[in-house]
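Here is the structure we will look at, set down as structure tokens.
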Amino acid sequence: MGKEDSKVVVLAFWASPYAMRTKIALREKGVEFEVQEEDLSNKSELLLKSNPVHKKVPVLIHNDTPISESLIQVQYIDETWTDAASFLPTDPQSRATARFWADFADKTISFEGGKKIWGNKKGEEQEKGKKEFLESLKVLEAELGDKSYFGGETFGYVDITLVPFYSWFYALEKCGDFSVEAECPKIVAWGKRCVERNSVAASLPESEKVYQQVLKLRQIFGVE
């Protein structure tokens, strides 16, 4: 059995956009894998042992070797299963550009960024969170332009990085009383296009389910 053919397990939580990245990448490569759902309030010994530094999902376990951090996992998947098309373009400059935009998306359209919206009551802090979120989306929308995907006609690294948060848009809109589509129509059209891919459709939860999870989080954090 070759290394690329051995057992693959993903330690995940269904609503985690970071875990969604790993699932999308594996499905894009046609890799069979097992998902172990984690209870984040009672983390498994396997998770704590596999990611002792951050103790977070997702963890990709391949050939009994754990790999942490979603973007590192996506790169690992791309470099390990090379029979399918690469997530990154071939020339170094275009690869560097893709990595830049993936890094930008990872740092700006994040769980913590979204928390500034759903984790606050209506008021100054929430408005600040909405402003930051939409400003970052507009920067990404300008980069997307009229292309089908961030890599042009090819679904790739930047798309995998960003599209999981598309499943969170509805929850953020409901909590923050705004419309992503009204502000960033090309991003929403791109998200709909991505969801037409089997790899994405199978990895992203329903938006209403995410919203119900966010309502639970708001209760936990004491947000009205």
Side-chain angles (χ1 to χ4, degrees), residues 10-28 33 35-40 56-60 69-71 73-74 77 87 101-102 104-119 126 129-130 132-134 136-141 144 148-150 155-221 223:
V10 180
L11 308 185
F13 176 63
W14 67 268
S16 165
Y18 305 104
M20 294 176 211
R21 289 173 177 168
T22 306
K23 295 174 190 175
I24 292 168
L26 287 167
R27 287 179 170 126
E28 279 288 320
F33 62 97
V35 177
Q36 179 173 307
E37 280 289 321
E38 288 287 333
D39 177 356
L40 299 184
K56 292 180 178 179
V57 296
V59 176
L60 173 67
E69 298 298 303
S70 61
L71 287 187
Q73 292 165 19
V74 172
I77 291 162
F87 302 144
W101 285 112
F104 178 85
D106 188 53
K107 289 176 177 174
T108 59
I109 309 301
S110 63
F111 178 80
E112 290 303 319
K115 187 178 174 183
K116 292 178 182 179
I117 300 172
W118 64 257
Q126 190 186 72
K130 283 161 54 176
E132 291 174 358
F133 177 77
L134 289 170
S136 297
L137 265 190
K138 286 176 181 177
V139 171
L140 286 161
E141 185 175 62
L144 177 66
S148 296
Y149 303 107
F150 281 91
F155 179 85
Y157 187 53
V158 183
D159 306 290
I160 293 170
T161 301
L162 182 60
V163 76
F165 293 96
Y166 177 75
S167 66
W168 279 72
F169 283 2
Y170 175 72
L172 298 180
E173 290 172 330
K174 293 283 282 186
C175 293
D177 192 24
F178 69 106
S179 166
V180 175
E181 189 166 22
E183 298 283 346
C184 303
K186 289 183 179 179
I187 285 288
V188 171
W190 160 85
K192 291 176 179 176
R193 196 176 304 121
C194 290
V195 172
E196 291 175 1
R197 300 181 71 84
N198 291 335
S199 63
V200 179
S203 304
L204 268 58
E206 293 180 3
S207 296
E208 178 62 35
K209 188 180 178 186
V210 174
Y211 177 52
Q212 293 304 318
Q213 176 66 20
V214 167
L215 291 180
K216 291 178 185 176
L217 289 172
R218 283 169 68 87
Q219 286 183 335
I220 292 169
F221 285 95
V223 182

Could you go through the side chain to side chain contact (heavy atoms under 4.5 Å, CB included) check for Ile24 and Val163 one step at a time? CA-CA 10 Å; Ile24 292 168; Val163 76; 3.6 Å; yes
In sequence, state the C-alpha distance, the side-chain angles, and the governing distance for Cys184 and Phe133, and then conclude on side chain to side chain contact (heavy atoms under 4.5 Å, CB included). CA-CA 11 Å; Cys184 303; Phe133 177 77; over 6 Å; no
Evaluate Tyr170 against Leu172 for side chain to side chain contact (heavy atoms under 4.5 Å, CB included), listing each step before the verdict. CA-CA 5 Å; Tyr170 175 72; Leu172 298 180; over 6 Å; no
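Counting all heavy atoms, side chain and backbone alike, Phe165 lies closest to Pro17 at CE2-CG, 3.4 Å.
Checked by atom type, the side-chain pair Ser203/Arg27 shows a donor-acceptor distance below 3.5 Å.
Tested against Leu60 for a side-chain contact (heavy atoms from CB on, under 4.5 Å), the candidates Gln73, Glu69, Lys23 yield a single pass: Gln73. Screening Tyr157, Phe87, Trp190 for a ring-ring contact (aromatic ring centres under 6.0 Å, His included) with Phe150, the sole residue that qualifies is Trp190.
Rounded to the nearest 0.5 angstrom, Leu137 CG and Leu162 CG are separated by 7.0 Å. Going from atom CD of Glu173 over to atom OG of Ser207 covers 8.5 Å, rounded to the nearest 0.5 Å. Distance check, rounded to the nearest 0.5 Å: CG of Leu204 to CH2 of Trp14 gives 11.0 Å. Summarising the geometry, atom SG belonging to Cys194 is positioned 6.0 Å from atom OH belonging to Tyr149; distances are rounded to the nearest 0.5 Å. Between the CG atom of Asp106 and the CG atom of Leu71 there is a distance of 4.5 Å, given to the nearest 0.5 Å. Atom CZ of Phe13 sits about 9.5 Å away from atom CE of Met20, to the nearest 0.5 Å.
The backbone N or O of Ser70 sits nowhere less than 3.5 Å from a side-chain atom of Arg21 that would complete a donor-acceptor pair. Put simply, the side chain of Tyr211 never gets that close to the backbone of Phe169: no donor and acceptor are under 3.5 Å apart. Within the 3.5 Å criterion, the main-chain N or O of Ala15 finds no donor-acceptor partner in the side chain of Gln213. A distance-only check finds a donor-acceptor pair linking the side chain of Gln126 to the backbone of Ile117 [under 3.5 Å]. Side chain of Glu141 to main chain of Ile187: a donor-acceptor pair is present (N/O by atom type, distance under 3.5 Å, no hydrogens or angles).
At least one side-chain heavy atom of Thr22 sits less than 4.5 Å from a side-chain heavy atom of Ile77. Side-chain contact check for Lys186 versus Lys138: every heavy-atom pair is 4.5 Å or farther apart.
Salt-bridge check for Arg197 with Asp159: failed, with every basic side-chain N at 4.0 Å or more from each acidic carboxylate O. Under the 4.0 Å criterion applied to side-chain N and carboxylate O atoms, Glu183 and Lys130 are not assigned as salt-bridge partners.
Identified under the salt bridge (Lys or Arg N to Asp or Glu O under 4.0 Å) test for residues 201-216, with sequence neighbours left out: none.
Taking the ring-ring contact (aromatic ring centres under 6.0 Å, His included) definition, one finds that Phe221 meets it with Trp118, sequence neighbours left out.
Within 6.0 Å of atom CG in Asn198, 12 or fewer heavy atoms from other residues, nucleotides or ligands are found, so the atom counts as exposed in its surroundings.
Ring centers of Phe104 and Trp101: under 6.0 Å apart, within the cut-off.
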